[in-house]
Structure formats: C-alpha cells, structure tokens
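We use all heavy atoms of the structure for the numbers below, so side chains are in, but hydrogens, waters and symmetry mates are not. Since this is a predicted model, take the numbers as computed values, not measurements.
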Amino acid sequence: MSYFIYILINNIVPISIMIAIGAVMYRAFHLDIKTLSKLNFYVFSPAIVFVKLYESEMNLNVILQVLLFFALFFSLLFAVIEIYIRIRKMKRGMRIAMRNSVIFYNSANYALPLNQTVFGGNAYTLSIQIIIMIMQNLIPNTYGIYTLNAHKSTWKATMKTILSLPVIYAIPIALLLRYFHLPVPSSIHLPLTYISNAFMATALLTLGVQLGGMKWEFHFSNVAVSNILRLIAGPLLGFLVVWMLGINGLTAQALVLSCAVPTSLSSVLLAIEYENEPEFSSQAVFTSTLFSMFTIPVVIYFTGFL
C-alpha cells in the first residue's frame with residue numbers, strides 16, 4: 001500500500017497536473033502543437049540524452065549486459081505486438097501507431113524518478129536505467145521515423161530526416177567526451193543542463209496540448225490492448241529475459257522495473273510530427289500512465305523475489 005501511495009503522490013499526480021496545464025493552455029490560447037513537437041525533437045530530447053549520458057557512471061560489463069537484455073526484450077516485445085497487429089489486419093497507420101505505443105516506453109521522465117524512488121537513489125541501478133533510456137531515445141528517432149516516412153518518401157529522403165536530428169549526434173559525442181575524460185565548458189554545460197531539466201515539463205505540456213485539442217473519439221479496444229501489452233506483457237517478458245540470461249539481484253530488479261513503465265511520450269511526438277493517429281497515441285500515453293499506478297506496485301513486489 002505504501003508503494004501505491006508513494007507512486008500516486010510522487011509520479012502520477014505531478015504528471016497529471018502537467019498534462020492538465022497543457023490542456024488548459026490549449027483551450028485558452030490554442031497553442032501550436034507542431035512548434036512544441038519540434039522543440040521536443042530538436043532541443044529538449046538531445047539535451048537530456050547528452051547530459052544524462054555524460055554525467056552517468058557505467059562500466060563496460062554493465063553496459064554489455066544491459067544491452068544484451070534490451071536486445072532480447074525488445075525483440076520479444078516486437079514479436080508479440082507484430083503477431084497481434086497481423087492477426088487484426090490493421091491498416092498501416094494504426095499498425096505503426098499501435099506498435100509504437102508498445103515498444104516505446106517512458107524510460108526517461110517516468111522511469112528515472114521511479115528507479116531513484118524504488119532503489120533509494122542507488123547509482124548502480126540508475127546507470128542501468130540510463131542505458132535503457134539512451135536506447136529508448138535512439139530507436140524512436142531512427143526506426144520510428146523510418147517506418148513513418150518509408151511509404152511517402154525515398155530512402156534517401158528518410159535518412160536525411162533521421163540524420164538531421166541532433167540526438168543522433170548527442171550520443172556519440174557524450175560517449176567520446178566521457179571516455180577521454182574531456183570536460184565540457186561550463187558555458188555549454190550549464191545551458192544544456194537547464195534545457196535537459198525542462199524536458200519533462202515540456203514533453204508533458206505537449207501531451208496536454210494534444211489532449212486538449214482532441215475530439216476524443218475514444219479508440220477503446222485498441223487503447224486497451226496497447227495498455228495490456230505495455231503494462232502487463234512488458235514486465236512479464238522482462239522477468240522471462242532475466243531468467244533466460246541468469247541475471248539476478250539488483251541488476252535483474254532494475255531491468256524488470258524498466259520494462260514496466262507506461263507508453264513513451266515519443267510515440268505521441270512522432271504521431272503529431274508525422275500526422276499518424278495522434279489521438280490514439282495520446283490516449284495510449286494518458287491511460288497507460290494512469291493505469292501504471294496499479295500495475296507498477298505489483299511489479300515492484302514481485303521483483304523482490306529476483
């Protein structure tokens with residue numbers, strides 16, 4: 001019960017307030033959702049990836065173990081959602097949106113504070129979550145954009161779009177600077193820190209603006225399936241993969257917890273930016289975030305047996 005109350009007060013309520021502010025702002029001022037989306041893609045996302053990666057403390061063994069886990073988990077999750085959308089014979093737009101709502105999960109502004117809450121600010125488990133966060137930032141900005149553009153532009157044009165995203169360059173630059181112990185000048189590091197700190201607020205406000213402008217033609221069955229696959233199938237597959245790899249202890253607990261978080265805001269930002277089922281994507285994020293306050297305490301309880 002204490003987990004439930006803590007997660008409700010420290011995760012769900014703050015997130016809901018930010019979303020509500022965004023919705024009210026849209027109703028009052030009709031904010032431009034496309035402008036907010038571009039700010040997230042080109043400013044806030046690359047800043048938080050760079051800062052978190054540059055400041056984290058990770059060794060090679062941890063990185064390789066987490067990457068192996070992520071590769072297996074992502075492949076299994078992708079296979080599960082692919083089977084479902086093939087059976088349902090969904091149209092291309094909804095197929096992509098449904099897939100994105102399950103395989104892209106909120107590994108940054110939800111999972112990072114959750115990790116710190118559950119593990120008491122443990123630097124080791126936080127490093128694990130940061131690796132997952134980096135992968136979950138990289139994939140939407142490469143594979144996610146490719147799937148949305150492949151049918152309406154050439155391969156060359158799609159690659160040009162992907163390579164124009166700053167996050168692609170933020171990752172290797174941060175890794176090189178950390179590896180060679182090169183300091184970032186304070187005149188650069190300070191504004192990057194300010195921008196990264198603003199990521200969560202801006203992303204949630206963007207979601208709120210999108211929700212405020214929707215007609216709310218609720219996609220009940222699709223949203224329900226998305227939530228089940230994300231919040232229930234996700235952590236179950238996480239348990240399966242750590243068992244397959246023989247991982248236990250804090251590492252296993254952190255990895256499984258990283259699989260249990262709700263749908264990422266990236267799925268909404270992609271849907272808005274490329275005009276592909278934005279209403280469904282927004283509803284999937286909102287409802288999975290809401291229902292996660294019931295599912296995550298259960299996952300936390302069972303990770304205690306790892």
K.L.:
Scan the side chains in residues 182-195 for donor-acceptor partners under 3.5 Å anywhere in the protein, sequence neighbours excluded, and list what turns up.
P.N.:
from   : atom 1 : to     : atom 2 : distance (Å)
His189 : ND1    : Thr193 : OG1    : 3.4
His189 : NE2    : Glu55  : OE2    : 3.0
Thr193 : OG1    : His189 : O      : 2.8

K.L.:
Should Ile232 and Val285 be counted in the same cluster of Ile, Leu, Val, Met, Phe, Trp and Tyr side chains packed under 4.5 Å apart?
P.N.:
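In one cluster: no.
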K.L.:
If you compare all heavy atoms of Asn227 against all heavy atoms of Ala284, which two are closest, and at what distance to 0.1 Å?
P.N.:
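Between these two residues, the closest heavy atoms are ND2-O, 3.6 Å.
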K.L.:
Is there a chain of hydrophobic side chains (I, L, V, M, F, W, Y, each step under 4.5 Å between heavy atoms) that links Ile296 to Tyr301?
P.N.:
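Hydrophobic grouping puts Ile296 with Tyr301.
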K.L.:
According to a hydrophobic-cluster definition based on side-chain heavy atoms being under 4.5 Å apart (Ile, Leu, Val, Met, Phe, Trp, Tyr only), do Ile19 and Val24 belong together?
P.N.:
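The answer is no; the residues belong to distinct hydrophobic clusters.
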K.L.:
Return the NZ to OG1 distance between Lys38 and Thr35, rounded to the nearest 0.5 Å.
P.N.:
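The distance works out to 8.0 Å.
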K.L.:
Measuring from atom CD1 of Ile128 to atom CD1 of Ile132, what distance do you get when rounded to the nearest 0.5 angstrom?
P.N.:
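Rounded to the nearest 0.5 Å, the CD1-CD1 separation comes to 8.5 Å.
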K.L.:
How far does CD1 of Ile81 sit from CG of Leu229, to the nearest 0.5 angstrom?
P.N.:
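Rounded to the nearest 0.5 Å, the CD1-CG separation comes to 5.0 Å.
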K.L.:
Taking the side chain as every heavy atom from C-beta outward, state whether Leu177 and Phe50 have any pair of such atoms under 4.5 Å apart.
P.N.:
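Yes; the side chains approach each other to less than 4.5 Å.
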K.L.:
Please give me the minimum heavy-atom distance between Phe78 and Arg99, naming the atom from each residue.
P.N.:
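Closest approach of Phe78 to Arg99: CE1-CD, 3.4 Å.
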K.L.:
Does the side chain of Phe73 reach to within under 4.5 Å of the side chain of Cys259, using non-hydrogen atoms?
P.N.:
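Sidechains of Cys259 and Phe73: in contact.
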K.L.:
Enumerate the residue pairs fulfilling side-chain hydrogen bond (donor to acceptor under 3.5 Å, both in side chains) with a member in residues 229-246, sequence neighbours excluded, ordered by first and then second residue.
P.N.:
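Listed by first then second residue: nothing to list.
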K.L.:
Would you say that Asn222 contacts Met90 through its side chain, given a criterion of any heavy-atom pair below 4.5 Å between the two side chains?
P.N.:
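Side chain of Asn222 against side chain of Met90, heavy atoms only: contact under 4.5 Å found.
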K.L.:
Within a strict 4.5 Å, meaning less than it, do heavy atoms of the Leu306 and Phe239 side chains meet?
P.N.:
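Leu306 reaches Phe239 side chain to side chain.
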K.L.:
When rounded to the nearest 0.5 angstrom, what distance separates CE in Met98 from CD1 in Ile85?
P.N.:
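Output value for this atom pair is 8.5 Å.
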K.L.:
Atom CG in Leu250, atom OG1 in Thr303: separation rounded to 0.5 Å?
P.N.:
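Those atoms lie 10.0 Å apart.
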K.L.:
How close do Pro297 and Ser292 get, counting heavy atoms only, and between which atoms?
P.N.:
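Nearest pair, atom of Pro297 first, then Ser292: CD-O, 3.8 Å.
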K.L.:
Considering only heavy atoms from C-beta outward, does the side chain of Leu175 approach that of Ile171 to under 4.5 Å?
P.N.:
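They are in side-chain contact.
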K.L.:
Within the 4.5 Å heavy-atom criterion, are Leu231 and Phe294 side-chain neighbours or not?
P.N.:
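Answer no - side chains too far apart.
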K.L.:
Taking atom CZ of Phe291 and atom CD1 of Ile228, what is their separation to the nearest 0.5 Å?
P.N.:
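With rounding to 0.5 Å, CZ (Phe291) is 10.0 Å from CD1 (Ile228).
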K.L.:
Is there a donor-acceptor contact under 3.5 Å from the side chain of Ser75 to the main chain of Ala71?
P.N.:
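Yes; at least one donor-acceptor contact below 3.5 Å.
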K.L.:
Using the side chain to side chain contact (heavy atoms under 4.5 Å, CB included) criterion, which residues pair with Ala20? Sequence neighbours excluded.
P.N.:
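With sequence neighbours excluded, Ala20 shows a side chain to side chain contact (heavy atoms under 4.5 Å, CB included) to no residue whatsoever.
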K.L.:
Provide the closest heavy-atom pair for Ile48 versus Met133 in the form atom of the first, atom of the second, distance.
P.N.:
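Looking at all heavy atoms of both residues, the closest pair is O-CE, 4.3 Å.
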K.L.:
Decide whether Leu77 and Phe74 are clustered together by the hydrophobic rule: side chain heavy atoms of Ile, Leu, Val, Met, Phe, Trp, Tyr closer than 4.5 Å, transitively.
P.N.:
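Yes, Leu77 connects to Phe74 through the hydrophobic network.
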K.L.:
Counting only N and O atoms by type, is there a donor-acceptor contact under 3.5 Å from the side chain of Ser288 to the main-chain atoms of Thr263?
P.N.:
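Checked: pair present.
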K.L.:
If you group Ile, Leu, Val, Met, Phe, Trp and Tyr by side-chain heavy-atom gaps below 4.5 Å, do Phe305 and Leu236 land in one group?
P.N.:
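No.
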K.L.:
Describe, in one word, how the ring planes of Tyr26 and His30 are oriented to each other, choosing from parallel (under 30°), tilted (30 to 60°) and perpendicular (over 60°).
P.N.:
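Aromatic pair Tyr26/His30 classed perpendicular.
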K.L.:
Is the shortest heavy-atom distance from the side chain of Phe280 to the side chain of Ser226 under 4.5 Å?
P.N.:
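Yes; the side chains approach each other to less than 4.5 Å.
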K.L.:
Parallel under 30°, tilted from 30 to 60°, perpendicular over 60°: which one fits the rings of Phe70 and Tyr105?
P.N.:
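Geometry flag for Tyr105 against Phe70: tilted rings.
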K.L.:
State which residues pass side chain to side chain contact (heavy atoms under 4.5 Å, CB included) with Leu68; sequence neighbours excluded, sorted by chain then number.
P.N.:
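Testing Leu68 for side chain to side chain contact (heavy atoms under 4.5 Å, CB included), a comparison that skips the adjacent residues, returns Leu72, Leu245.
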K.L.:
Taking side chain to side chain donor-acceptor pair (under 3.5 Å) as the test, write out the residues that go with Tyr84, two or more places apart.
P.N.:
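Testing Tyr84 for side chain to side chain donor-acceptor pair (under 3.5 Å), a comparison that skips the adjacent residues, returns Arg88.
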K.L.:
Donor-acceptor pair, distance only, cut-off 3.5 Å: does the side chain of Gln129 make one with the backbone of Ser107?
P.N.:
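Yes: the side chain of Gln129 pairs with the backbone of Ser107.
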K.L.:
For Thr125 and Asn115, which I'm curious about, is there any donor-acceptor pair between the side chains at under 3.5 Å?
P.N.:
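Note: Thr125 and Asn115 side chains meet the donor-acceptor criterion.
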K.L.:
Filter on side-chain hydrogen bond (donor to acceptor under 3.5 Å, both in side chains), then keep only pairs touching residues 247-260, sequence neighbours left out; what's left?
P.N.:
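Matches after skipping sequence neighbours: Tyr124-Thr251.
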